[in-house]
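Letters A, B, ... are given to chains in the order of the sequence lines, protein chains preceding strands, and every chain is numbered from 1. Keep in mind the model is a prediction, meaning the values are calculated, not measured.
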2 protein chains.
Amino acid sequence: MTSRGPEKRVRKAPAERRSEMVTAAARVGLAEGLECVTLRRVADELGVRSGLVGHYFPAADRLVAEAFTSATMAELDSLLPEMSADPGPGGAVRALRRLFSLTSSADFDNVSRLWLNARHLARYRPVLRDHVIEQDMLWCRRIERVVAAGVEARDFHCADPWAAAVRILVAIDGASAYVNTGAGHRAAPIADMVRTFAETELGLPVGTLESS
Amino acid sequence: MTSRGPEKRVRKAPAERRSEMVTAAARVGLAEGLECVTLRRVADELGVRSGLVGHYFPAADRLVAEAFTSATMAELDSLLPEMSADPGPGGAVRALRRLFSLTSSADFDNVSRLWLNARHLARYRPVLRDHVIEQDMLWCRRIERVVAAGVEARDFHCADPWAAAVRILVAIDGASAYVNTGAGHRAAPIADMVRTFAETELGLPVGTLESS
DNA sequence: TGTCTTATTGGCCACTCACTCAATAACATC
DNA sequence: GATGTTATTGAGTGAGTGGCCAATAAGACA
C-alpha cells in the first residue's frame with residue numbers, strides 16, 4: 001500500500017509553495033501542453049489538494065502564464081546564454097552555431113510545441129498573451145545582442161541587428177511549426193533553411209554557421 | 001418574441017444535413033477557433049438539437065477535422081486558384097504577387113489563426129492531425145505548381161520547385177505565427193520578409209514580387 | 001388517405017473544469 | 001506548554017463537454 005489515506009500535512013512558506021507550483025506547472029506545460037496545466041493536475045503533481053493551488057492562483061490563467069514564462073526563460077538561458085560584453089573573435093559565430101544546432105535537434109521539439117501552444121492559446125487568454133509577448137521580446141533581444149556583438153567583432157556584417165534577429169526568429173518559428181504534424185516529405189528542404197537564412201541575413205558564406 | 005418554443009421540425013436529406021454541419025463548423029472554427037467547434041455550438045448555429053449533430057458525428061473529432069479541411073480548402077482556392085497548364089509569360093509572377101499580397105493583408109489573419117490553432121490542436125487529436133498534414137501537402141503542391149510553371153515560362157529560375165515551395169510556406173507560417181500576440185516592434189522587419197525570401201529563392205530581383 | 005422509414009428530439013449520463021468556503025491542523029511565538 | 005496565525009484540507013457549486021438512447025413526427029411512398 002503506497003497509497004491513500006490522509007497524508008500528513010506539510011506546511012510551507014507561501015513563497016516557496018507558490019514557486020513549487022509554478023515549477024510543476026512549467027514541467028507539465030512543457031511535457032504535455034498548457035491545456036494540461038490545471039489546478040488539479042498541478043495539485044496532484046505536488047501531492048496537495050486542488051483547493052490549495054486555487055488559493056495561490058485565484059485565477060488559473062496566471063498559473064498557466066507563469067508556467068509558460070518559467071519554462072521559456074529556462075530554455076532561453078540554455079539555448080543562448082547571455083553574452084559577455086566582448087565575446088572575442090568568433091564568439092558570436094560560435095553562439096549562433098550552438099543555437100541552430102540545438103534548435104534543430106529533437107530535444108527542442110517540446111519547446112517548439114510549447115511556443116506553438118502558447119501562441120495559439122494567447123488568442124483566448126489575455127494574461128498568457130502578455131507573457132508570450134514579453135518572452136518574444138526577450139528571445140529577440142538576446143539574439144540581437146549576439147548579432148550586434150558579431151558585427152562589433154567584424155565576424156560578419158549586418159546593417160540592422162534588430163531586424164536580423166526578428167527575421168531569424170521568424171525562420172525558427174516557421175521551421176518548428178510542424179512539430180505536431182511531422183514534416184514528412186518536407187523535412188529535407190526545411191532542414192538547413194534556418195541556418196542558411198541566417199547566413200544570408202548576416203552576409204556569411206554558406207555553411208559558416210553549420211555546427212562541426 | 002423571436003424566440004423559443006418547440007420550433008417546427010425540419011427534416012433534411014442526410015447528406016445535405018451533414019454538409020450543413022461541416023459548413024457551420026468551418027465558419028465557427030475560422031471565426032472563433034476550433035475549440036469552439038462543439039456539438040452544441042454547431043447545433044445552435046443550425047437551430048437543431050445537439051443530439052442530431054452527435055448522430056452525424058459519433059466522434060466529435062471528425063467534425064473538428066472536417067471543419068478545418070473545409071475552411072482551408074476554400075481559402076486555398078481563394079488565395080491561389082489552380083493554374084492553367086500554360087499560364088503564359090508572367091502568369092506565375094502575377095499569381096505569386098497576388099498570394100503574397102493576400103497573405104500579408106489583415107483579411108488573412110483569421111486563416112493564420114486557424115492554421116496556428118490546427119497545428120497546435122493536432123498534438124492531441126489524431127484525426128485533425130491527418131487532415132492538417134493533408135492540407136499542408138495541398139498548399140505546398142499548389143505553390144510548387146506555380147513555381148514550376150514560372151520556371152517553365154522562364155519567368156524565374158529554381159532548381160527544385162518542391163523545395164522552394166516548402167520553404168516559402170515555412171516563411172509564411174513563421175510570419176503569421178504572431179497573429180494572436182501582435183508583432184509590436186517586430187512588424188517592420190517582418191513586413192516584407194516573405195516576399196523578399198521568395199524572391200531570393202527564385203532568383204528574382206528584389207521587389208519583383210511586390211504588388212503594384 | 002394510411003403506412004412506414006428514419007431524421008430529429010428531449011432528456012439523460014459521467015466526466016472535468018475553475019472556483020468557493022468553513023473547518024482543521026501545523027508551526028511560530030510567547 | 002498554551003495561544004494565535006494561517007497554510008491546508010475536504011466538500012461542495014455550477015457550467016461545460018461528448019456520448020447514448022427511447023420516443024416522436026416529418027415526409028415519401030403505397
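Between A:Asp44 atom CG and D:dT9 atom C1' there is a gap of 14 Å when expressed in whole angstrom units. The CD atom of B:Glu35 sits 16 Å away from the P atom of C:dC17 (whole-angstrom rounding). Counting to the nearest Å, the C1' atom of C:dT6 and the CG atom of B:Leu52 are 12 Å from each other. For the pair B:Arg49 CZ and D:dA22 C1', the interatomic distance rounds to 17 Å; values are reported in whole Å. Between the CZ atom of B:Arg18 and the P atom of C:dT8 there is a distance of 14 Å, rounded to whole Å.
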Checklist entry - What is the per-nucleotide protein-contact pattern of nucleotides 19-30 of chain C, from the 5' end, where B denotes a base atom under 4.0 Å from a protein heavy atom, S denotes such proximity for sugar-phosphate atoms only, and - denotes neither? => result S----BBBS---

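The phosphate of D:dT8 (OP1 or OP2) has a side-chain N or O of A:Arg17 nearer than 4.0 angstrom. Distances shorter than 4.0 Å separate some side-chain N or O of A:Tyr56 from OP1 or OP2 on D:dT8.
Nearest approach of A:Arg123 to B:Ala31, heavy atoms of both residues: NH2-O, 3.3 Å.
Ion pairing between a basic and an acidic side chain is recognised when a charged N comes within 4.0 Å of a carboxylate O; B:Asp44 and B:Arg41 show no such pairing. Between A:Arg142 and A:Asp77 there is a salt bridge, with a side-chain nitrogen of the basic residue lying less than 4.0 Å from a carboxylate oxygen of the acidic one. Comment: B:Glu32 does not engage B:Arg27 in a salt bridge, judged by the lack of any side-chain N to carboxylate O separation of less than 4.0 angstrom.
Both the sub-6.0 Å distance and the 45° axial angle are not jointly satisfied by B:Arg17 relative to the ring of B:Tyr56.
Between the side chains of B:Arg119 and A:Asn180, not a single donor N or O lies within less than 3.5 Å of an accepting N or O.
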